Number of protein chains: 2
Amino acid sequence: MTLPSTYADRNCSLARTLEVVGERWTLLIVRDAFFGARRFGDFAARLKIPRAVLTSRLKSLVQEGVLTRDDEAGAGVEYRLTPKGVALWPVVRALMNWGDEFYSPSGAKRAFRHDRDGGLLDREGRCQECGQVVPVPAITIERGPGYEPDGTEHDPVSGTINTPRRLLEPFVRSEGRKAS
Amino acid sequence: MTLPSTYADRNCSLARTLEVVGERWTLLIVRDAFFGARRFGDFAARLKIPRAVLTSRLKSLVQEGVLTRDDEAGAGVEYRLTPKGVALWPVVRALMNWGDEFYSPSGAKRAFRHDRDGGLLDREGRCQECGQVVPVPAITIERGPGYEPDGTEHDPVSGTINTPRRLLEPFVRSEGRKAS
DNA sequence: CACTCCAGTTCATTCATTGAACCTACTGTG
DNA sequence: CACAGTAGGTTCAATGAATGAACTGGAGTG
């Protein structure tokens, strides 16, 4: 977003937040991090964004403390959400809810459940079984009623993301995953 | 945001939402609409954004059904949030909450109350007096503990916005408002 | 050592944003 | 009626950011 720091809205936390996550692509990167993306290549493949832009966004997210960059992680670099990044979950949910409400007539594209009791989460993230606000790592994501098959189901990266899984859990990369 | 419509994420409501409100400035315009801005000039003065950009953003927000454009309104044009626009309130709140949490150590920049019983609203928009989720038009906004005076308090436009008021209520423009 | 991944960088082209100036219609005011 | 002021824009040159394709360089493998 790069709002000028002379911006009159020193007193608006919305403006402040947008300086961190308001740029093009940034929130989509964060979303994919929630969904389990950790590697540069995962983000690049899923988002189809120019690698130079991805580099720059990852850099600034790390700098802002939303992601950590860990290059000690086996073969390659891993980007992971920090607690500050995980705290963006309500933002991601709110944006999704609005899109579901106004652009997905047959229902939410994705559904979220409490992994423990399988209860669906409502708009505020509360489990309809136990009434709790479910913490992010205990949420599983699956297709919702509004999901529209689009042919990416069997693509190794997007495909993985379309099967039920727990948030924040990294993609499992079996050795033969590029075998066509 | 202008994500290409060929975007693989047909199935992500977050991406869909960002296509509508993800561009630079757009959410700040929406925020000011919640805070009572209705006139082209109000937005321009508060946001200090190039008028050409404002024109284009207002146009697309109207096209998306987030705002209405009414040029029958006395002397001038009025932009108002539609119900679809008002439904963005949770998005605005979520973004503000995050900014307050991580960039405003002395507390929220703005506080919200239930106009009827004066109860403060919590993070989810629930009144701490009566427990209800307060509908947007019944919310009043005032300075929070983290508010930092910045000299715009007596500027006619920004100043108005800094005194407690009900959301969505238009600025009252008294005839002598430009009298220095 | 050749080969493949992975995580970037580089670069020319295209596109969007910026800020300042200009334009047009309407509203009082003397 | 002339004139200033206000409102809501448009136009334009300059700058900056995004795009996509090609390239680089290191680590791990056979």
Side-chain angles (χ1 to χ4, degrees), chain A residues 1-8 18-19 22-26 28-29 32 37-62 67-80 156-157 170-171 173-180, chain B residues 1-8 18-19 22-26 28-29 32 37-62 67-80 156-157 170-171 173-180:
Chain A
M1 181 72 76
T2 325
L3 297 172
S5 50
T6 67
Y7 199 66
L18 290 178
E19 281 178 26
E23 278 176 312
R24 201 123 105 174
W25 298 113
T26 304
L28 296 176
I29 292 170
D32 281 355
R38 289 193 173 178
R39 317 292 289 261
F40 186 93
D42 293 339
F43 292 108
R46 284 205 22 97
L47 292 172
K48 286 170 195 138
I49 107 180
R51 303 165 78 78
V53 174
L54 180 55
T55 300
S56 126
R57 293 297 186 277
L58 288 172
K59 221 169 249 170
S60 83
L61 284 171
V62 169
L67 296 177
T68 48
R69 198 195 113 113
D70 177 6
D71 54 3
E72 308 292 302
V77 179
E78 281 197 0
Y79 293 93
R80 251 169 283 167
V157 178
F171 301 153
R173 49 195 70 248
S174 63
E175 28 291 298
R177 72 180 241 274
K178 262 284 157 78
S180 55
Chain B
M1 183 74 77
T2 325
L3 297 172
S5 49
T6 68
Y7 198 64
L18 291 179
E19 282 177 28
E23 279 177 311
R24 200 123 105 176
W25 298 113
T26 304
L28 296 176
I29 292 170
D32 281 356
R38 289 196 174 177
R39 317 292 288 257
F40 186 94
D42 293 338
F43 292 107
R46 282 203 25 95
L47 294 173
K48 287 172 194 133
I49 109 181
R51 303 164 77 77
V53 174
L54 180 55
T55 301
S56 126
R57 294 295 186 276
L58 288 172
K59 221 169 250 171
S60 82
L61 284 171
V62 168
L67 297 177
T68 47
R69 198 194 115 113
D70 177 5
D71 55 3
E72 309 293 303
V77 178
E78 281 196 0
Y79 293 92
R80 257 181 301 247
V157 178
F171 302 150
R173 49 194 71 252
S174 62
E175 29 289 299
R177 72 181 241 274
K178 263 284 157 78
S180 56

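Computed over heavy atoms, backbone and side chain alike; hydrogens, waters and symmetry mates excluded. Within every chain, numbering begins at 1; the chains are lettered A, B, ... in the order of the sequence lines, protein sequences first and strands thereafter. Keep in mind that this is a model prediction, so the values were computed, not measured.
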Item to check | Between D:dG16 (P) and A:R24 (CZ): distance, integer Å | outcome: 18 Å
Checklist entry - How long is the line joining CD of A:E23 and C1' of C:dT17, in whole Å? => result 13 Å
Only distances under 3.5 Å count here; give the side-chain donor-acceptor pairs of residues 50-58 of chain B to other protein atoms, sequence neighbours excluded, each with its distance to 0.1 Å.
| unit_1 | atom_1 | unit_2 | atom_2 | d |
| --- | --- | --- | --- | --- |
| B:T55 | OG1 | B:R51 | O | 2.8 |
| B:R57 | NE | B:R24 | O | 2.8 |
| B:R57 | NH2 | B:R24 | O | 3.4 |

Checklist entry - Given B:Y79 and B:T68, is the side chain to side chain contact (heavy atoms under 4.5 Å, CB included) satisfied, shown in steps? => result CA-CA 5 Å; B:Y79 293 92; B:T68 47; over 6 Å; no
Item to check | Residues B:D70, B:R80; criterion side chain to side chain contact (heavy atoms under 4.5 Å, CB included); working and verdict | outcome: CA-CA 8 Å; B:D70 177 5; B:R80 257 181 301 247; 2.8 Å; yes
Checklist entry - A:L54 has an atom CG; how far is it from atom P of D:dG20, in whole Å? => result 14 Å
Next on the checklist: Rounded to whole Å, please give me the gap between CZ in B:R57 and C1' in D:dT10.
Outcome noted: 16 Å
Next on the checklist: Between A:D42 and A:D32, is there a side-chain heavy-atom distance shorter than 4.5 Å?
Outcome noted: no
Between the protein and nucleotides 8-12 of chain C, list every N/O to N/O distance that falls short of 3.5 Å.
| unit_1 | atom_1 | unit_2 | atom_2 | d |
| --- | --- | --- | --- | --- |
| C:dG8 | OP1 | A:R69 | NH1 | 2.6 |
| C:dG8 | OP2 | A:R69 | NH1 | 3.3 |
| C:dG8 | OP2 | A:Y79 | OH | 2.6 |
| C:dG8 | N7 | A:R51 | NE | 2.9 |
| C:dG8 | N7 | A:R51 | NH2 | 3.0 |
| C:dG8 | O6 | A:R51 | NE | 3.2 |

Checklist entry - Taking side chain as C-beta onward, heavy atoms only, is B:V77 less than 4.5 Å from B:R69? => result yes
Checklist entry - Whole-Å distance between D:dG8 C1' and B:E78 CD? => result 13 Å
Checklist entry - What is the distance from CG of B:L47 to C1' of C:dT17, rounded to the nearest Å? => result 15 Å
Checklist outcome for this item: A:I49 CD1 to D:dA17 C1', in whole Å, measures 13 Å
Checklist entry - OP1, OP2 of C:dC5 versus side-chain N and O of A:R39: anything below 4.0 Å? => result no
Checklist entry - Once you round to the nearest 0.5 Å, how far does OG1 of A:T26 lie from CD of A:E19? => result 12.5 Å
Item to check | Under 4.0 angstrom between A:W25 side-chain N/O and D:dA17 OP1 or OP2 | outcome: no
Checklist outcome for this item: Separation of C:dA7 atom P from A:D42 atom CG, nearest Å, is 8 Å
